[in-house]
Amino acid sequence: PTVSAVTPGAAPTRGGARMQVTGANFGLYSPVTVYLGNPALGWRMCTSPNRTSHFNIWCTVGEGVGKDLNVRVDVANQTGISATTPFSYA
């Protein structure tokens with residue numbers, strides 16, 4: 001999978017915001033998981049992922065803190081991590 005955009009790019013620290021992840025190779029039938037974080041700080045799972053197409057996933061951001069976090073998408077034992085699309089808690 002490839003992550004190319006995240007909307008919105010920030011959410012409140014209390015969580016609960018819906019986030020749209022766009023990219024490619026999200027598959028259609030394999031389980032999909034979305035995370036926020038980085039290898040140093042760890043990863044927080046985004047809940048209720050809803051893949052609406054091969055290019056689009058919606059999920060609910062959990063509670064957290066941090067700025068310029070990566071967005072990671074796992075599909076069918078493959079991982080894609082955003083390189084230039086950071087997410088921040090505000």
Side-chain angles (χ1 to χ4, degrees):
T2 302
V3 177
S4 58
V6 177
T7 307
T13 57
R14 70 179 180 279
R18 293 289 290 163
M19 179 175 75
Q20 180 183 23
V21 180
T22 55
N25 302 317
F26 292 159
L28 293 175
Y29 305 107
S30 299
V32 62
T33 310
V34 179
Y35 298 92
L36 301 170
N38 61 47
L41 296 175
W43 299 97
R44 290 188 163 273
M45 191 181 310
C46 199
T47 60
S48 304
N50 180 20
R51 178 182 34 219
T52 57
S53 74
H54 189 63
F55 310 99
N56 193 31
I57 302 168
W58 286 87
C59 65
T60 302
V61 175
E63 184 177 310
V65 295
K67 294 195 180 297
D68 298 328
L69 302 173
N70 295 110
V71 178
R72 176 179 131 193
V73 175
D74 291 355
V75 178
N77 297 320
Q78 296 182 28
T79 298
I81 299 176
S82 62
T84 59
T85 310
F87 176 86
S88 296
Y89 284 98

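As the structure is a prediction and not an experimental result, all values here were calculated from the model. Hydrogens, waters and symmetry mates are skipped; everything else that's a heavy atom, side chains included, is used.
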* Asked: side-chain contact (heavy atoms from CB on, under 4.5 Å) with Val34: which of Ile57, Val61, Asp74, Val75?
  ->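 Answer after filtering Ile57, Val61, Asp74, Val75: Ile57.
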* Hphob cluster co-occupancy, Val6 + Leu41, side-chain heavy atoms under 4.5 angstrom ->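 Result: yes, single cluster for both.
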* Does a side-chain heavy-atom distance below 4.5 Å link Val71 with Ile81? ->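 Answer no - side chains too far apart.
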* If we only count heavy atoms from C-beta on, is the Asn25 to Gln78 side-chain gap below 4.5 Å? ->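 Counting from C-beta outward, Asn25 and Gln78 never come under 4.5 Å.
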First locate atom [atom1] of [X], then atom [atom2] of [Y], and finally report the distance between them rounded to the nearest 0.5 Å.
X	Y	atom1	atom2	answer
Trp58	Thr7	CH2	OG1	7.5 Å
Tyr89	Lys67	OH	NZ	12.0 Å
Leu36	Met45	CG	CE	11.0 Å

Is a side-chain donor or acceptor of [X] paired with a backbone partner of [Y] at a separation under 3.5 angstrom?
X	Y	answer
Thr22	Asn56	no
Asn70	Ser82	yes
Arg44	Glu63	yes

* Asked: Between Val21 and Val3, is a side-chain contact (heavy atoms from CB on, under 4.5 Å) present by the stated rule, with each step listed?
  -> CA-CA 7 Å; Val21 180; Val3 177; 3.9 Å; yes
For the residue pair [X] and [Y], what are the closest heavy atoms and their distance?
X	Y	value
Leu28	Arg51	O-NH2, 3.5 Å
Ala11	Phe87	CB-CZ, 3.6 Å
Pro49	Cys59	CA-CB, 4.0 Å

* With sequence neighbours excluded, what pairs up with Arg18 under the side-chain hydrogen bond (donor to acceptor under 3.5 Å, both in side chains) test? ->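 Per chain and number, Arg18 pairs via side-chain hydrogen bond (donor to acceptor under 3.5 Å, both in side chains) with Thr60.
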* Sorted by first residue and then second, give each ring-ring contact (aromatic ring centres under 6.0 Å, His included) pair with at least one member in residues 12-47; sequence neighbours left out. =>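 Listed by first then second residue: nothing to list.
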